[in-house]
Amino acid sequence: MPIATVNPATGETVRTFEPLGADGIEERVARADRTFRSYRATDFASRAALLASTADLLDKEREDIARTMTLEMGKTLASARAEAAKCAKAMRWYAANGERLLADEHPADADVQDSGAHRALVRYRPLGVVLAVMPWNFPLWQVVRFAAPALMAGNTGLLKHASNVPQTALYLGGLFHRAGFPEGCFQTLLIGSGAVESVLRDPRVAAATLTGSEGAGRSIASVAGDEIKPTVLELGGSDPFVVMPSAAGELDHAVATAVTARVQNNGQSCIAAKRFIVHEDVYDAFTQRFARAMEALVVGDPMEESTDVGPLSTEQGRADLEELVDDALARGAQALCGARRPEGRTAGWFYTPTVLAGVTPEMRIHREEAFGPVATVYRVRDLDAAVEVANDSPFGLSSNVWTRDEDEQRRFAADLAAGGVYFNGMTASHPAFPFGGVKRSGYGRELSGHGIRAFCNVTTLWYGR
Ligand SMILES: O=CCCCC(=O)O
């Protein structure tokens with residue numbers, strides 16, 4: 001895939017970029033390594049001040065970078081602005097909490113004595129240069145969610161961003177340095193995916209983090225495994241959104257949340273709710289309202305404030321989504337709305353919000369991730385069936401459950417195979433909460449204390465008597 005900005009709302013190639021050659025890559029890897037040797041010794045207060053200045057700079061430049069994101073990958077301008085604001089918030093959160101999260105740990109005195117020491121403690125030291133391979137769907141947030149904790153912990157970062165968001169990648173490559181970080185702390189490598197393996201194998205690179213497809217995760221994990229380097233993988237998701245009868249009194253709220261949860265980011269989010277699993281007592285009422293609300297969404301130019309759903313980010317992405325829908329329809333699913341391109345739009349990669357009922361396990365969409373504004377609805381007879389359908393997926397990123405019944409909440413909290421269970425709301429990441437999944441959604445956690453410790457050398461310091 002060429003490195004280029006292609007406007008998904010028009011299909012027009014706006015700008016192309018030459019990938020870095022071997023010398024350019026070497027220069028940046030060497031700089032990252034050199035910078036790590038001095039940066040690792042800086043104290044938390046100075047790193048926090050640098051992160052806070054980066055947040056201020058990003059706030060000032062929010063409108064410009066939001067427009068760049070919308071141009072490059074088609075998210076609505078309102079959501080691009082919100083993404084930039086969220087990045088600044090996460091930077092400030094790690095600036096305020098990083099030192100506490102990485103404070104030395106002191107084992108119990110009895111255990112220290114028992115080990116033969118007069119003193120022992122656990123210290124979180126930085127690991128080194130971390131390679132981040134990041135996707136286009138939240139082109140700023142996915143990167144900042146890695147970079148803010150990694151820099152706060154004393155690491156340095158190299159970014160290999162998706163090939164369709166080069167201007168956002170270059171912006172990020174300059175942002176941290178312009179805010180005061182030493183130049184080698186965070187750099188963008190404008191490279192194609194073929195060049196990633198040699199960077200990851202470079203002995204100066206200590207670890208990697210990837211957010212992206214299962215295939216990309218598998219290839220990073222296998223190279224990193226071969227090199228014995230730690231990785232965090234955040235891959236796909238097909239999150240369930242369960243609606244139980246106790247939500248009957250707040251169905252309008254549940255429906256509005258379901259729509260947002262499905263079409264956020266034009267439907268292209270790993271944590272978007274994709275499978276709507278509805279108890280038979282509320283199935284008809286929920287499903288009719290849900291399909292009507294999906295149908296009423298405004299599909300159009302993402303730069304327009306009135307647009308709810310912009311284009312898919314790539315032509316291939318729309319083709320993949322269409323194949324999933326067509327396969328389901330051919331095998332007997334019913335389209336309650338959508339299942340087509342919008343009329344009158346010949347340019348750009350638009351697709352109308354779609355609700356499919358009657359989905360069965362033979363259909364590809366039952367097992368694969370629908371990365372666009374397409375929802376599937378399932379009718380279930382009771383709580384056991386809801387849990388079973390929710391867990392009948394290769395993915396296990398997050399989940400959403402609408403129920404006010406505390407016994408039911410306990411059961412879902414215990415039995416849903418996912419990295420998160422969100423009750424009476426929708427999954428949304430927050431700097432204070434761990435983010436990540438199980439099964440084919442990946443492993444490791446980003447954000448919170450778990451995210452900042454992921455790229456630390458957890459060191460035992462033991463002092464003999
Ligand atoms: O594709 C993954 C989306 C993550 C969005 C978020 O962290 O809010």
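Both counts, for ligands and for their atoms, begin at 1 and track the order of listing. Everything numeric in this text was worked out from a predicted model, so none of it was measured. Just so you know, these numbers use all the heavy atoms, side chains as well, and skip hydrogens, waters and symmetry mates. Just so you know, residue 1 is the first one in the sequence shown, and it goes up from there.
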Would you find a donor on one side and an acceptor on the other, under 3.5 Å apart, between the side chain of Arg275 and the backbone of Ser238? yes
Under 3.5 Å side-chain donor-acceptor pair for Thr360 and Glu362: yes
Closest heavy-atom approach to atom 8 (O) of ligand 1 among Gly237, Ser269, Ser429 is made by Ser429
Ligand 1-proximal atoms of Arg145, by part, heavy-atom distance under 4.0 Å: side chain
Heavy-atom nearest neighbour in the protein, as seen from atom 5 (C) of ligand 1, with distance rounded to 0.1 Å: Phe138 CE1, 3.7 Å
Checking Val255, Thr257, Leu251 against His253 for side-chain contact (heavy atoms from CB on, under 4.5 Å), the one that qualifies is Thr257
Is the contact between Lys86 and ligand 1 made by the side chain, the backbone, both, or neither, using heavy atoms and a 4.0 Å cut-off? side chain
Distance filter under 4.0 Å to Asn137 heavy atoms, resulting ligand 1 atoms: 1 (O), 2 (C)
Counting both backbone and side chain atoms, is some N or O of Glu234 under 3.5 Å from an N or O of ligand 1? no
What do you reckon, are the aromatic ring centroids of Trp93 and His430 less than 6.0 Å apart? no
Test of ring centre spacing under 6.0 Å for His161 and Tyr171: no
Decide whether the shortest distance between a heavy atom of Gln268 and an atom of ligand 1 is less than 4.0 Å. no
Do Thr211 and ligand 1 have an N or O pair less than 3.5 Å apart? no
Of all the atoms in ligand 1, which lie at a distance below 4.0 Å from a heavy atom belonging to Trp141? 6 (C), 7 (O), 8 (O)
Check Arg62 with Asp59, please: is the shortest side-chain N to carboxylate O separation under 4.0 Å? yes
Are a donor atom and an acceptor atom from the side chains of Lys439 and Ser393 found within less than 3.5 Å of each other? no
Restricting to heavy atoms, the pick from Ala272, Cys270, Ser398 nearest atom 4 (C) of ligand 1 would be Cys270
